[in-house]
Amino acid sequence: MLVLVLPALLLFVLLAVPYYWINHSRAARLVANLPGPKPYPVIGNSLEFGSGSTVEILEGLKKLQKQHGYLYRMWLGSNLFAVVADAKYVEHFLSSNTNISKNMAYKFLEHWLGTGLLTSTGSKWKHRRRIITPTFHFKILEDFMDVFNSRSNILVQKLKKEADGREFDIYNYITLCALDIIYETAMGVQMNVQDNSNCEYISALQGLADIMVKRMFTPWLFSDFIFNMTKYGKEQRKYLKVLHDTTDEVIAKRKKELLEKANGSTSINTEENDFGQKKRLAFLDLLLQYTRDGANLTDKEIREEVDTFMFEGHDTTATAISFCLWSLATHPDCQEKVYQELYEIFGDSNRDTTVKDLQDMKYLDAVIKESQRIYPTVPFVFRELDEEVNIDDLHLAKGTNVMISPFLMNYNAEYFPEPEKFDPDRFSSENSQRRNPYAYVPFSAGPRNCIGQRFALMEMKSTISKIVRNYKITPGSKKIVLCAELVLRSVNGIHFLINENIFLWLLSHLYFKCILYNILRNSSCVFSVHVF
Ligand code: HEM
């Protein structure tokens, strides 16, 4: 008898406790007036997301937004989420200096990143942010232009073998280029993965990213105890060792060099390369420098930040560049305008890009912004409330999860009329000025915004402009199917056909020469060229 009663009792408790929590907790009572789907015991609203695949998660969120609007509540198991995609409320959360803690989803990153800038909270985060902010100063980023140039030149060379009219997935090429860039700028060491993608560090990085995504979307792997016993736990430990050992090694080496050079008195700013030029400082060098000047960071804390740059600084930019290229390929008129803008800047020259050139790429800037709207690299940002929130009719208890979703916000017709249409002119300075600044936040906003935003935009413009100067890109036959992993992705990859831009180049050349000739002759230009 006991054999039957005990499991039945256990089952009852398992069902009743979450059910009671969902219906009677303070958090539940406070959100009772918010629209949202009806939750079930234990699973909450998980069924809205089908089998929970990364594609279904995006589709489920979109469907719920259509049914319940831009502010709604949902339960994932017994975890309450307020989904906030209305600029009026988004502003409140992102500008807050008190509700700055990330939610449980970020816990899985801590095995690799520790509690660095992305994952920490409270006074620890404030201290780190204060130390790290100067490393992203515009003057320091300018020094990285030669890395952006040299690495994107290699990318253009690598793409040559695909310029034969056959379809290919560009994502891996762009990822390797982004990795080369972030490795050199973060650690001050060249990895050259574009030439050697089989290196141990890259395999570990990609292996770990796959495991973290798997864990985030598999509830039975949430518990460290269970996870550590699975094959994923074992693999993760192996990958972490490679990643941590590599960063530790570089830190130790740079620290030693710094000590030898500085000899207790000189700053590493005076270090010179083999040609007697002042050597560019990587983020790591700057952190070591600040530590020497009293910032008080241990080697482990420096590792946390360097690893955070590695994590935040490659998948994000690679995704953003790939989707922007896709936007250009599917909108040849925009591609032609970008090309003409670049021709006006570079003319016939094959020279490298300067910071001033980047500033002149105004139309490309608008294209990148519009492509970030349609394909937001980071589709959600999460908070776990440190204190209760009461704004108008919105009441949320401490501990509630808040999901702020650029993925939903960017399709709000109130701020973006005809939201499905790709239209870079939405981001002309005149049109942007009229918009609520919290309606479009691809890099988040407020105190916890993306510290690498300027770096990312410089890298994106440098790389995209190099590709468009060299190739005409057209979309492949495989359609994009969006899914939400650590960043937005396409499950099918991003397929293109590319052709070297020789004809385009020649025709533009002719076109501008013609304009010049006619201006000189004081007559109007007699023909124009449309090559797309
Ligand atoms: C297109 C490229 C990028 C996009 C769209 C992007 C977007 C974001 C977003 C939305 C956040 C807030 C995340 C959250 O609150 O959960 C963030 C934070 C952060 N990003 Fe980026 N990011 C990009 C590139 C970069 C790069 C290149 C770096 C470093 C080199 C970087 C470093 C960081 C760091 C350290 C944080 C945490 C800041 C803090 O909490 O104080 N990001 N990024």
Side-chain angles (χ1 to χ4, degrees), residues 84 90 93-97 99-109 113-122 124-133 135-137 140-141 144 147-148 174-175 177-179 181-187 216 282-284 286-287 304-324 368-369 371-373 375-384 401-407 409-410 438 440-464 484 486-489:
V84 182
V90 167
F93 290 102
L94 292 186
S95 64
S96 169
N97 278 306
N99 276 318
I100 54 168
S101 295
K102 303 296 177 70
N103 88 329
M104 55 167 294
Y106 297 72
K107 288 268 173 288
F108 305 133
L109 302 175
L113 310 180
T115 41
L117 194 56
L118 179 70
T119 45
S120 59
T121 186
K124 182 169 186 177
W125 169 78
K126 282 191 182 130
H127 174 239
R128 293 285 175 94
R129 181 90 188 193
R130 210 173 32 245
I131 295 175
I132 293 166
T133 297
T135 60
F136 284 89
H137 188 277
I140 287 171
L141 298 186
F144 294 148
V147 181
F148 298 146
I174 307 284
T175 303
C177 176
L179 272 167
I181 288 174
I182 194 64
Y183 200 86
E184 192 171 345
T185 50
M187 304 219 211
M216 277 177 189
F283 290 125
L284 165 61
L286 293 161
L287 293 180
E304 287 178 349
E305 299 310 342
V306 173
D307 285 346
T308 298
F309 294 155
M310 286 304 301
F311 168 68
E312 275 285 325
H314 82 279
D315 238 6
T316 48
T317 45
T319 299
I321 291 168
S322 305
F323 278 113
C324 185
I368 289 175
K369 286 186 174 128
S371 134
Q372 281 282 292
R373 183 186 72 80
Y375 306 110
T377 305
V378 179
F380 332 107
V381 167
F382 295 96
R383 296 277 190 276
E384 185 178 310
N401 295 280
V402 175
M403 177 200 274
I404 295 157
S405 173
F407 180 72
M409 293 161 68
N410 294 355
Y438 286 87
Y440 177 72
V441 286
F443 292 94
S444 186
R448 288 213 82 157
N449 72 345
C450 174
I451 203 167
Q453 173 169 353
R454 223 168 357 189
F455 176 99
L457 286 170
M458 288 172 79
E459 178 182 335
M460 285 165 71
K461 275 185 169 178
S462 303
T463 313
I464 295 167
L486 294 173
V487 290
L488 193 75
R489 275 201 206 283

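Order of listing sets the numbers, starting from 1, for every ligand and every atom in it.
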Interatomic distance, L113 atom CG to T119 atom OG1 [nearest 0.5 angstrom]
6.0 Å

Apply side chain to side chain contact (heavy atoms under 4.5 Å, CB included) to residues R383 and L94 and explain how you reach the verdict.
CA-CA 9 Å; R383 296 277 190 276; L94 292 186; 3.8 Å; yes

In ligand 1, the atoms that come under 4.0 Å of a heavy atom of A320 are 1 (C)

Hey, is A186 touching ligand 1 through its side chain, its backbone, both or neither, going by heavy atoms under 4.0 Å?
neither

What's the shortest heavy-atom distance between A484 and P379, and which atoms?
CB-CG, 4.4 Å

Quick check: T316 and ligand 1, any N/O pair under 3.5 Å apart?
no

Stepwise side chain to side chain contact (heavy atoms under 4.5 Å, CB included) test for E305 and T308
CA-CA 5 Å; E305 299 310 342; T308 298; 4.1 Å; yes

Does the side chain to side chain contact (heavy atoms under 4.5 Å, CB included) test come out yes or no for L179 and M310, once each step is laid out?
CA-CA 8 Å; L179 272 167; M310 286 304 301; 4.2 Å; yes

Below the 3.5 angstrom mark, is there an N/O of Q372, backbone or side chain, next to an N/O of ligand 1?
no

Of all the atoms in ligand 1, which lie at a distance below 4.0 Å from a heavy atom belonging to R383?
15 (O)

Step by step, would you call T377 with D315 a side chain to side chain contact (heavy atoms under 4.5 Å, CB included)?
CA-CA 9 Å; T377 305; D315 238 6; over 6 Å; no

Are N449 and ligand 1 in contact, using a heavy-atom cut-off of under 4.0 Å?
yes

Nearest protein heavy atom with distance in Å, relative to atom 42 (N) of ligand 1
C450 SG, 3.1 Å

Is the closest N or O pair between L117 and ligand 1 shorter than 3.5 Å?
yes

Give the single entry among R129, Q453, M458 that approaches atom 41 (O) of ligand 1 most closely by any heavy atom.
R129

I'd like to check whether T317 has a polar contact with ligand 1, where a contact means an N/O of the residue lying under 3.5 Å from an N/O of the ligand.
no

Within the 4.0 Å heavy-atom shell around T377, which atoms of ligand 1 are there?
5 (C)

Could you measure the distance from the OG1 atom of T317 to the CD1 atom of I174? Nearest 0.5 Å is fine.
9.5 Å

Side-chain contact test, heavy atoms from C-beta onward, threshold under 4.5 Å: evaluate it for L117 versus W125 and give yes or no.
yes

Can you pull out the closest protein heavy atom to atom 28 (C) of ligand 1? Residue, atom name and distance to 0.1 Å, please.
G452 CA, 3.8 Å

Can you find an N or O of K102 that's nearer than 3.5 Å to an N or O of ligand 1?
yes

The atoms of ligand 1 lying under 4.0 Å from a heavy atom of A456, numbered in the order shown, are 2 (C), 24 (C)

For F148 and F144, take the angle between the two ring planes, folded into 0 to 90°, and tell me which bin it lands in: parallel under 30, tilted 30 to 60, perpendicular over 60.
perpendicular

Hey, could you give me the NZ/CD1 distance between K126 and I100, rounded to the nearest 0.5 Å?
5.0 Å

For Y106 and F382, take the angle between the two ring planes, folded into 0 to 90°, and tell me which bin it lands in: parallel under 30, tilted 30 to 60, perpendicular over 60.
perpendicular

Under 4.0 Å from any heavy atom of W125, which atoms of ligand 1 are there?
39 (C), 40 (O), 41 (O)

Could you find the nearest protein heavy atom to atom 16 (O) of ligand 1 and give me its residue, atom name and distance?
Y106 OH, 2.4 Å

Heavy atoms, side chains only, cut-off 4.5 Å: are F455 and L141 in contact?
yes

May I ask you to list the atoms of ligand 1 that are less than 4.0 angstrom from any heavy atom of L118?
37 (C)

Expected output: side-chain R373 to main-chain P442 donor-acceptor under 3.5 Å
no

Non-hydrogen atoms of I182 versus ligand 1: any pair closer than 4.0 Å?
yes

Enter the distance from M460:CE to T316:OG1 here, rounded to the nearest 0.5 Å.
9.0 Å

For the 3.5 Å polar cut-off, considering only N or O atoms, please tell me whether S444 and ligand 1 meet it.
no

Looking at ligand 1, does F382 have a heavy atom less than 4.0 Å from it?
no

Please report whether the ring centroid of F136 lies less than 6.0 Å from that of F309.
yes

Relative to the heavy atoms of I451, which atoms of ligand 1 are at a distance of less than 4.0 Å?
34 (C), 35 (C)

Under 4.0 Å between heavy atoms, the region of F443 that gets near ligand 1 turns out to be both

Pull out every atom of ligand 1 sitting under 4.0 Å from any heavy atom of P442, numbered as shown with elements.
5 (C), 7 (C), 10 (C)

Specify the protein heavy atom at minimum distance from atom 32 (C) of ligand 1: its residue, its atom name, and the distance to 0.1 Å.
E312 CB, 3.5 Å

Would you call E459 a ligand 1 contact, heavy-atom distance under 4.0 Å?
no

